[in-house]
2 protein chains.
Amino acid sequence: MHLQKYMELLKEHNIKITPQRLAIVALMDQYGHISVRDIYEKIRAKFPSLSLATVYKNINAMMENRFINELKIVGQENKYELAKERHSHLICQKCGMIEDIEIDTSGIEKSIPKESGFEVVETSVQFVGICQKCAS
Amino acid sequence: MHLQKYMELLKEHNIKITPQRLAIVALMDQYGHISVRDIYEKIRAKFPSLSLATVYKNINAMMENRFINELKIVGQENKYELAKERHSHLICQKCGMIEDIEIDTSGIEKSIPKESGFEVVETSVQFVGICQKCAS
DNA sequence: CTGACTGCAAACGTTTTGCACGGTA
DNA sequence: TACCGTGCAAAACGTTTGCAGTCAG
């Protein structure tokens, strides 16, 4: 499918290509946000020799290279996503769904008092609530 | 000190009063945001019989009662804070400082498309950056 | 061909659990 | 007094590490 694309992505970030890594990237691309456990189980179904340690090692390497981001969400295990433009997340309290959303955070950043002397590098916003499916 | 205040707080939330719990509440009040490990070590210095299991059990009980909140922060261990009015956090990447800040999130909430059908219950905002002390 | 990656097993740190005892209401 | 909370030890997790063999570049 998009093997070629994944290989290029890895190359761009100076990460050596292996079947395990391609499988991880493919899952992140497919699911958007995925946990270590889910990565492990889904790949293992097709590729039973995969070890959990390898998943962790690769996740950590990819985070160091800023190739992926870690998402810490209340009430959920950590999720990982391919790094892309800054964005925020909609999170359903009921079903756990996570959806990307692009919003402008410059307004709220302005409400930090100048006197605080705090310089924002990154603003992280999570909208926690109920998704359409769960509401109906 | 504020023992009386802490006892009332616990009573209001239907949490039985014990010396261990009073010590935990006192630390959260004093530090604002504190980790399990820090709670354990600080209390233990004065009160060596305290067990880590007790800290965890109490933290969990207080979270169920919505008496305290859990704070998940990138690159830091989980922190806990007394529940209060909705607020956001300034987080220093360098020294780890966490500071409360009150901002109006209604603006960014409006940028969620109506068609998404997502109903926001709570908006969590973290401003990650460099604090005044670390910048100078 | 060489260094990096993988898988395995063991180690580690954190959090939870079960149980007997002790303290709060 | 009755029940809930505590402390201890063990268990259960999640994550990391060391090492020997293998693979990608």
Side-chain angles (χ1 to χ4, degrees), chain A residues 3-4 6-27 34-65 67-80, chain B residues 3-4 6-27 34-65 67-80:
Chain A
L3 259 198
Q4 198 58 41
Y6 302 143
M7 291 173 71
E8 281 164 19
L9 274 176
L10 287 171
K11 267 184 200 157
E12 282 170 22
H13 288 261
N14 298 311
I15 303 174
K16 205 182 268 188
I17 293 169
T18 68
Q20 292 85 343
R21 286 172 182 175
L22 284 170
I24 292 173
V25 176
L27 281 179
I34 189 168
S35 69
V36 168
R37 200 94 227 158
D38 282 350
I39 291 172
Y40 177 63
E41 283 169 3
K42 283 179 196 302
I43 300 181
R44 213 148 202 277
K46 296 272 175 182
F47 189 169
S49 72
L50 177 77
S51 114
L52 195 47
T54 297
V55 178
Y56 278 108
K57 283 171 189 167
N58 283 329
I59 291 273
N60 287 336
M62 291 175 179
M63 283 206 291
E64 275 165 25
N65 290 21
F67 178 58
I68 63 174
N69 290 325
E70 189 177 53
L71 231 69
K72 292 187 166 194
I73 300 175
V74 257
Q76 291 192 26
E77 41 189 347
N78 289 349
K79 297 281 178 16
Y80 300 86
Chain B
L3 260 199
Q4 197 58 40
Y6 301 143
M7 291 172 73
E8 282 164 19
L9 274 177
L10 287 171
K11 266 185 204 159
E12 283 169 23
H13 288 261
N14 298 311
I15 302 175
K16 207 181 266 189
I17 292 167
T18 69
Q20 292 87 341
R21 287 172 180 175
L22 285 170
I24 292 173
V25 176
L27 281 180
I34 189 167
S35 69
V36 167
R37 200 93 226 159
D38 282 350
I39 291 172
Y40 177 64
E41 283 169 4
K42 283 179 197 303
I43 301 181
R44 213 151 202 276
K46 296 271 174 182
F47 189 170
S49 73
L50 177 76
S51 114
L52 195 47
T54 297
V55 178
Y56 277 107
K57 284 171 189 167
N58 283 329
I59 292 271
N60 287 336
M62 291 174 180
M63 282 205 292
E64 275 165 26
N65 290 22
F67 179 57
I68 64 175
N69 290 325
E70 189 176 53
L71 232 70
K72 291 186 166 194
I73 300 175
V74 258
Q76 290 192 27
E77 42 189 347
N78 288 350
K79 297 280 176 19
Y80 300 86

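Numbers restart at 1 for each chain; the letters A, B, ... are given by sequence-line order, proteins then strands.
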**Item:** Of the listed nucleotides D/dG14, D/dT6, C/dC8, the one nearest the side chain of A/Tyr56
**Value:** D/dG14
**Asked** For A/Tyr40, what residues pass the ring pair (Phe, Tyr, Trp, His ring centres under 6.0 Å) criterion, not counting sequence neighbours?
**Response** none
**Fill in**
With sequence neighbours left out, the residues meeting salt bridge (charged side-chain N to carboxylate O under 4.0 Å, His left out) with B/Arg37 are B/Glu41
[X] has an atom [atom1]; how far is it from atom [atom2] of [N], in whole Å?
| X | N | atom1 | atom2 | answer |
| --- | --- | --- | --- | --- |
| A/Gln20 | C/dT6 | CD | P | 5 Å |
| A/Ile59 | C/dT6 | CD1 | C1' | 16 Å |
| B/Leu52 | C/dC12 | CG | C1' | 15 Å |
| B/Met7 | C/dA25 | CE | C1' | 12 Å |
| B/Leu10 | C/dA25 | CG | P | 10 Å |

**Message:** Categorize A/Thr54 for me: base, sugar-phosphate, or nothing, with a 4.0 angstrom heavy-atom threshold over every strand shown.
**Reply:** base
**Prompt:** Tell me, for nucleotides 18-25 of chain D in 5' to 3' order, what letter each nucleotide earns: B for a base near a protein heavy atom under 4.0 Å, S for only sugar-phosphate near one, - for neither?
**Reply:** B-----SS
Mind listing the side-chain donor-acceptor pairs of residues 46-54 of chain A below 3.5 Å, one per line with the distance, residues two or more places apart or on another chain?
unit_1	atom_1	unit_2	atom_2	d
A/Ser51	OG	A/Ala53	N	3.1
A/Ser51	OG	A/Thr54	N	3.2

**Asked** Quick one: CE on A/Met7 to CG on A/Leu22, what's the gap to the nearest 0.5 Å?
**Response** 6.0 Å
**Prompt:** With no hydrogens and no angle check, is any side-chain donor or acceptor of B/Arg21 less than 3.5 Å from a backbone partner on B/Lys16?
**Reply:** yes
**Request:** Find which nucleotide of DNA chain D each of B/Arg44 and B/Arg21 is nearest to by heavy atoms, and output the residue with the more 5' nucleotide.
**Result:** B/Arg21
**Prompt:** Within the pair A/Asn60 and D/dT15, is there a side-chain N or O less than 4.0 Å away from OP1 or OP2?
**Reply:** no
**Message:** I want to confirm an ordering. Mapping A/Asn58 and B/Arg37 to their closest nucleotides on DNA chain C, which one lands closer to the 5' end?
**Reply:** A/Asn58
**Request:** Name all residues meeting the side-chain hydrogen bond (donor to acceptor under 3.5 Å, both in side chains) criterion together with A/Gln76; count only those two or more places apart in sequence or in a different chain, and write none if there are none.
**Result:** A/Lys79
**Item:** Partner set under side-chain hydrogen bond (donor to acceptor under 3.5 Å, both in side chains) for B/Asn69, not counting sequence neighbours
**Value:** none
**Fill in**
Shortest non-hydrogen pair, B/Asn65 vs B/Asn14, comes out as ND2-O, 4.0 Å
**Stretch residues 70-78 of chain B: residues that reach within less than 4.0 Å of DNA chain C through a heavy atom** = none
**Prompt:** B/Lys72: what forms a side chain to side chain contact (heavy atoms under 4.5 Å, CB included) with it, not counting sequence neighbours?
**Reply:** A/Lys72, B/Glu70, B/Asn78
